[in-house]
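Take a look at the structure set out below.
Every chain is numbered from 1, with letters handed out A, B, ... down the list of sequences.
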There are 2 protein chains.
Amino acid sequence: MGKAEENWGVVTALVRSSFLVNAVYAEAAREYGLTPQQGQLLCVLMAQPYGMSELGAVLRLAKSSLTELVNRSTQRGLVRREPDRKDRRAVQVTLTEQGGELAEAFYTAACRRIDELPAGLDEAERATLTELLSRVVRDNNVPMVFLGRDEAAPSAHGR
Amino acid sequence: MGKAEENWGVVTALVRSSFLVNAVYAEAAREYGLTPQQGQLLCVLMAQPYGMSELGAVLRLAKSSLTELVNRSTQRGLVRREPDRKDRRAVQVTLTEQGGELAEAFYTAACRRIDELPAGLDEAERATLTELLSRVVRDNNVPMVFLGRDEAAPSAHGR
DNA sequence: CACGCATGGTTCGCCACACGAACTATTTAC
DNA sequence: GTAAATAGTTCGTGTGGCGAACCATGCGTG
């Protein structure tokens, strides 16, 4: 009997924490005049420029959705399309000056807020949580959404 | 230096697992011809009928957003508005026959998929993860989104 | 009782988002 | 050098989300 309970327990915990993080993330974005998607785009681009296709893979968006997102972000002066000198079809999406600053500010604020969520856990528990979640994430090949800063996007050169 | 690393570690882990769960949830919904929001609505209503205001609080949606969501779901024959006999302004949103069946099927499928995410963890680790995440969720008063089944929505009578 | 305020929902106008299908332009493969 | 793959855009459609304005009904106080 304990088995069954445990099983839906993980699911529930995952789903609810996901909603929680989402809500906080969206709230932070809103505070900076961003939609969650734009915020996410900015955070991804903080690490390095990306081509549209790569972005689509990272953000799990269809090409057309991405085109529109980049269009809107461009109109707001946050990002810019630059021609890829190796492939004249392709495009590199990069942060503008303004976009970079906003990204930095938003990123910091979002991290701060999310960091407060597990305030009830002590250091050891936080470490455990991090370790377990990281493994789940790695096991399910989640792209490097959010935070490519210290992680230095190693695959960038190697392709 | 170890401190700083740990800090962004929790944040990253939370954000990425959140994206992961979201993606899986959305995929499951899509498989059943639902949008994630509709799926969420159905799952919430599985436990019991709700008034619009309550729903708005649970789903964190503005009133108008909810009206539209319920409209669309009604048009698809998934839910139904019933008059509240105690308050003639109010409305109770309930699942239709069809909506109930679909909710059940979707809910089961979504749970199965999400349950597979932590497949790399052993029983003890899953239990730990559940416990830690549950505490985070409880500490941040997340409404009872998803799963009100075994949890029997106790506040329903007491108000 | 009547006035006014609070509450529960809907309507409206606006914009963001997400997708597939169809299209253009380049690159690559043969 | 043509054919197929690849990178992006455009277009049409439906969904989602919000605030402001609005209509009812309920409620409280003089």
Side-chain angles (χ1 to χ4, degrees), chain A residues 19 22-23 25-42 44 49-94 145 159, chain B residues 19 22-23 25-42 44 49-94 145 159:
Chain A
F19 283 177
N22 260 348
Y25 191 89
E27 199 183 340
R30 177 166 258 246
E31 205 168 89
Y32 284 83
L34 294 170
T35 64
Q37 290 81 358
Q38 286 170 356
Q40 200 173 338
L41 176 62
L42 294 194
V44 169
Y50 280 91
M52 297 293 282
S53 301
E54 297 172 290
L55 273 181
V58 171
L59 302 180
R60 299 192 194 246
L61 287 179
K63 308 189 293 183
S64 52
S65 314
L66 194 55
T67 297
E68 300 296 340
L69 178 58
V70 171
N71 282 348
R72 286 186 294 266
S73 306
T74 301
Q75 277 161 7
R76 296 196 181 178
L78 304 176
V79 306
R80 183 177 42 211
R81 282 181 175 90
E82 287 185 350
D84 183 329
R85 54 186 57 223
K86 291 300 175 191
D87 184 342
R88 267 188 302 171
R89 299 169 296 181
V91 152
Q92 292 285 109
V93 183
T94 73
V145 205
R159 42 160 42 201
Chain B
F19 283 179
N22 260 348
Y25 191 88
E27 197 183 343
R30 178 167 255 244
E31 205 170 89
Y32 284 83
L34 293 170
T35 65
Q37 290 79 0
Q38 286 170 355
Q40 201 173 336
L41 176 63
L42 294 193
V44 168
Y50 280 91
M52 297 292 284
S53 302
E54 297 171 290
L55 272 182
V58 171
L59 301 180
R60 300 192 194 241
L61 288 180
K63 308 190 292 184
S64 52
S65 313
L66 193 54
T67 297
E68 301 296 341
L69 178 58
V70 171
N71 283 348
R72 286 185 294 266
S73 305
T74 301
Q75 278 162 6
R76 296 196 181 178
L78 303 176
V79 306
R80 185 177 40 212
R81 282 181 175 91
E82 287 185 351
D84 183 330
R85 54 186 57 224
K86 292 299 177 192
D87 186 340
R88 268 189 301 172
R89 297 169 297 182
V91 153
Q92 291 286 108
V93 184
T94 74
V145 207
R159 41 161 42 198

### Query
Is it true that Lys86(B) and Asp84(B) make a salt bridge, defined as a side-chain N closer than 4.0 Å to a carboxylate O?
no

### For chain A, the stretch of DNA chain D it reaches, first to last nucleotide, under 4.0 Å of its heavy atoms
dA5(D) to dG19(D)

### Message
A side-chain contact here means heavy atoms from C-beta on lying under 4.5 Å apart; do Arg60(B) and Phe19(A) qualify?
### Response
no

### Message
Protein within reach of the bases, or only the backbone? For nucleotides 6-11 of chain C, mark each nucleotide 5' to 3' as B, S or -, using heavy atoms under 4.0 Å.
### Response
BBSBBB

### Query
Side chain of Glu68(A), backbone of Ser65(A): donor and acceptor closer than 3.5 Å?
no

### Message
Could you check whether any side-chain N or O of Ser73(B) sits under 3.5 Å from a backbone N or O of Leu69(B), counting only pairs where one atom can act as donor and the other as acceptor?
### Response
yes

## Note on the structure
Assert: residue with more 5' nearest nucleotide on DNA chain D, out of Arg60(B) and Gln75(B), is Gln75(B)

#### Entry: Results of side chain to side chain contact (heavy atoms under 4.5 Å, CB included) for Arg88(B) - residues two or more places apart only
none

### Task
With side-chain hydrogen bond (donor to acceptor under 3.5 Å, both in side chains) as the test, would you mind laying out the steps for Arg76(A) and Gln38(A) before giving the verdict?
CA-CA 10 Å; Arg76(A) 296 196 181 178; Gln38(A) 286 170 356; 3.0 Å; yes

### Query
Whole Å only: how far is the NZ atom of Lys86(A) from the P atom of dT28(C)?
11 Å

### Query
How close or far is atom P of dC15(C) from atom CD of Gln37(A), stated in whole angstroms?
17 Å

### Query
Between Thr67(A) and Met52(A), is any pair of side-chain heavy atoms under 4.5 Å apart?
yes

#### Entry: Pairwise 5' ranking along DNA chain C for Arg76(A) and Arg88(A), keeping only the more 5' one
Arg76(A)

### Query
Considering only heavy atoms from C-beta outward, does the side chain of Arg81(A) approach that of Asn71(A) to under 4.5 Å?
yes

